[in-house]
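Written below as structure tokens is the structure these notes are about.
Heavy-atom basis, side chains included; hydrogens, waters and symmetry copies ignored.
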Amino acid sequence: MDSEAHEKRKSDLVLSKSKQDFTHHTLAIGTSKHYVCGYFAASTNIAITFPIQKVLFRQQLYGLRTRDAIRQLERDGIRNLYRGILPPLMQKTTTLALMFGLYEDFSSLLLRHTDSPEIVTRSVAAILAGTTEAILTPFERIQTLLQDYKHHNRFTNTYQAFKVLRPYGFREYYRGLIPILVRNGPSNALFFGLRKPIKQCLPEAKSYSANLINDFICGGLLGAMLGFLFFPLNVVKARMQSQIGGEFVSFGKILMTIWTERDGKLTHLFRGAHLNYHRSILSWGIINATYELLLKLF
């Protein structure tokens, strides 16, 4: 009798441990899928929108009109059209993997250990995720240098660009960090906070394709709005990161320099914003729709 009871307890312990292992395994998969989906959503977006981003970058850096920026790229030739794609491919894929994955992780952690309203908790989680993303600033830095035609003869690939910055010290890789930090946290909070309400305002999706279209529209509208709102920050960031060596000029001074160069006109400061608006609709539409599609497939 005792032997049977002992065997039963032993069997129950084994079964309990198996259930715990299965639960932990399931949670690990559930957590990691947000990182994986974010990664592949970013890859799809970069491959499609990189040439548009390059035109926009030239406008941000030099204040060019759209047709002048396109002509500049035409003079560079088709060979250089995708020059500089490796840093954004590495940076954006990792950034979006962190953005979606860390947001879910931080949200889960904070919701379990705090009693704050959910909207506050999720906003804090989004800001923390955005701040963590800033670790990848060196990739944005290298992308800026590779896209600037003034540096075309100085280096030809990502490795060379990283090597050129090395003698200037570790800090040089993080030039332009302040506008990135100011941009990332608030934009993440607004993106994750408004994504669900905007989708709820759209017509109810009664088919798979209609739901995909709604996800595209929701992501596109949010991306366009946030891209326009934070456009001046990216203008300052591009100017700061196009410099190699020398003084680390403050964000405020750089902004005032650009403001003076562009005749103190807000419209000139936002030159390129219309292209950024259209690119963001396409870009964030692709990201959001691809992300949600991949989540359903996991």
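Scanning both residues, Ile180 and Ala134, for their nearest heavy atoms gives CG2-CB, 4.2 Å. Across all non-hydrogen atoms, the minimal contact from Thr66 to His274 is OG1-NE2, 3.0 Å. Across every non-hydrogen atom of Phe216 and Ile281, the tightest pair is CZ-O, 4.0 Å. Closest heavy-atom contact between Asn188 and Ala129: ND2-C, 3.9 Å. Scanning both residues, Leu181 and Pro186, for their nearest heavy atoms gives O-CD, 4.3 Å. Closest of all the heavy-atom pairs between Ser123 and Ala189 is O-CB, 4.1 Å.
Between Trp284 and Leu226, every side-chain heavy-atom pair lies at or beyond the 4.5 Å cut-off. A heavy-atom distance below 4.5 Å is found between the side chains of Leu110 and Val124. By the 4.5 Å heavy-atom criterion applied to side chains, Arg166 and Tyr173 are counted as neighbours. Proximity of Tyr39 to Leu96: side-chain heavy atoms (C-beta onward) are nowhere separated by under 4.5 Å. Looking at Phe248 and Glu172, their side chains come closer than 4.5 Å, going by heavy atoms from C-beta outward. In this structure, Pro51 and Tyr82 have side chains that are in contact, with non-hydrogen atoms separated by less than 4.5 Å. Looking at Arg122 and Leu111, their side chains come closer than 4.5 Å, going by heavy atoms from C-beta outward. Counting only heavy atoms from C-beta outward, the side chains of Tyr174 and Arg141 never approach each other to under 4.5 Å.
No hydrogens or angles considered: nothing links the side chains of Thr49 and Gln53 as a donor-acceptor pair under 3.5 Å. No hydrogens or angles considered: nothing links the side chains of Thr267 and Arg271 as a donor-acceptor pair under 3.5 Å. Using modelled atom types, one finds no donor on one side chain facing an acceptor on the other under 3.5 Å when comparing His34 with Tyr103. Side-chain N/O atoms of Gln241 and Arg175 include no donor and acceptor closer than 3.5 Å. Side-chain contact annotation: His151 with Ser242, donor-acceptor N/O pair under 3.5 Å absent. Between the side chains of Asn211 and Lys199, at least one donor N or O lies within less than 3.5 Å of an accepting N or O.
More than 12 heavy atoms of other shown residues, nucleotides or ligands fall within 6.0 angstrom of atom NZ in Lys296. Crowding of Leu297 atom CG: a count of heavy atoms from other residues, nucleotides or ligands under 6.0 Å exceeding 12.
Using a 4.0 Å cut-off between charged nitrogen and carboxylate oxygen, Glu74 and Arg71 do not count as a salt-bridge pair. Salt bridge absent: Arg154 and Asp148 never bring a charged side-chain N and a carboxylate O closer than 4.0 Å. A salt bridge links Arg183 with Glu140: the distance from a Lys NZ or Arg NE/NH1/NH2 to an Asp or Glu carboxylate oxygen falls below 4.0 Å. For Glu292 and Arg195, the salt-bridge test passes: some basic side-chain N is under 4.0 Å from an acidic carboxylate O.
Taken from OG in Ser43 to CE in Met90, the straight-line distance is 12.0 Å, to the nearest 0.5 Å. Atom-to-atom distance recorded for Ile135:CD1 and Leu177:CG is 10.5 Å, nearest 0.5 angstrom. A distance of 9.5 Å separates CG in Leu233 from OG in Ser187, rounded to the nearest 0.5 Å. Taken to the nearest 0.5 Å, the CD1 atom of Ile52 stands 8.0 Å off from the CZ atom of Arg279. Ile142 contributes atom CD1, which lies 10.5 Å from atom CG of Leu86 (distance to the nearest 0.5 angstrom). Once rounded to the nearest 0.5 Å, the distance linking CG of Asp263 with CD of Glu261 reads 10.0 Å.
Between the side chain of Gln243 and the main chain of Glu247, a donor-acceptor pair closer than 3.5 Å is present. A donor-acceptor contact shorter than 3.5 Å links the side chain of Asn157 to the backbone of Gln160.
Using a 4.5 Å cut-off between side-chain heavy atoms of Ile, Leu, Val, Met, Phe, Trp and Tyr, with links allowed through other members, Ile48 and Tyr277 fall into different hydrophobic clusters. Ile119 and Ile127 are assigned to two separate hydrophobic clusters, defined by single-linkage of ILVMFWY side chains at heavy-atom distances under 4.5 Å. Under the 4.5 Å side-chain heavy-atom criterion for Ile, Leu, Val, Met, Phe, Trp and Tyr, Tyr159 and Leu136 are members of distinct hydrophobic clusters. The hydrophobic clustering, which links ILVMFWY residues whose side-chain heavy atoms are closer than 4.5 Å, places Phe251 and Phe231 together. No chain of hydrophobic side-chain contacts below 4.5 Å, direct or via other Ile, Leu, Val, Met, Phe, Trp or Tyr residues, connects Leu109 to Phe192.
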Inset, instruction - Take Asp76 and Lys54 through the salt bridge (Lys or Arg N to Asp or Glu O under 4.0 Å) test and state the conclusion after the steps. - result: CA-CA 12 Å; Asp76 290 347; Lys54 204 159 189 179; 5.8 Å; no
Legend entry - Check against side chain to side chain contact (heavy atoms under 4.5 Å, CB included), Phe162 and Phe155: CA-CA 9 Å; Phe162 269 108; Phe155 35 72; over 6 Å; no
Inset, instruction - Step by step, work out the side chain to side chain contact (heavy atoms under 4.5 Å, CB included) result for Met99 and Phe191. - result: CA-CA 11 Å; Met99 173 182 160; Phe191 179 80; 3.5 Å; yes
Legend entry - Trp259 and Leu266: CA distance, side-chain angles, deciding distance, side chain to side chain contact (heavy atoms under 4.5 Å, CB included) verdict: CA-CA 8 Å; Trp259 180 260; Leu266 196 61; 4.0 Å; yes
Inset, instruction - Could you walk me through whether Thr290 and Asn45 pass side chain to side chain contact (heavy atoms under 4.5 Å, CB included), step by step? - result: CA-CA 9 Å; Thr290 306; Asn45 168 58; over 6 Å; no
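With Arg239 as reference, Ile254 is the one residue of Thr144, Ile254, Asn234, Val249 to meet the side chain to side chain contact (heavy atoms under 4.5 Å, CB included) rule. Under the side chain to side chain contact (heavy atoms under 4.5 Å, CB included) test applied with Asn288, the options Asn214, Leu212, Asp215 reduce to a single match, Asp215. With Thr158 as the fixed residue, the side chain to side chain contact (heavy atoms under 4.5 Å, CB included) test singles out one of Ile85, Leu145, Leu146: Leu146.
Note: Phe100 and Tyr291 meet the aromatic proximity criterion, with ring centroids under 6.0 Å apart. Less than 6.0 angstrom separates the ring centroid of Phe228 from the ring centroid of Phe270.
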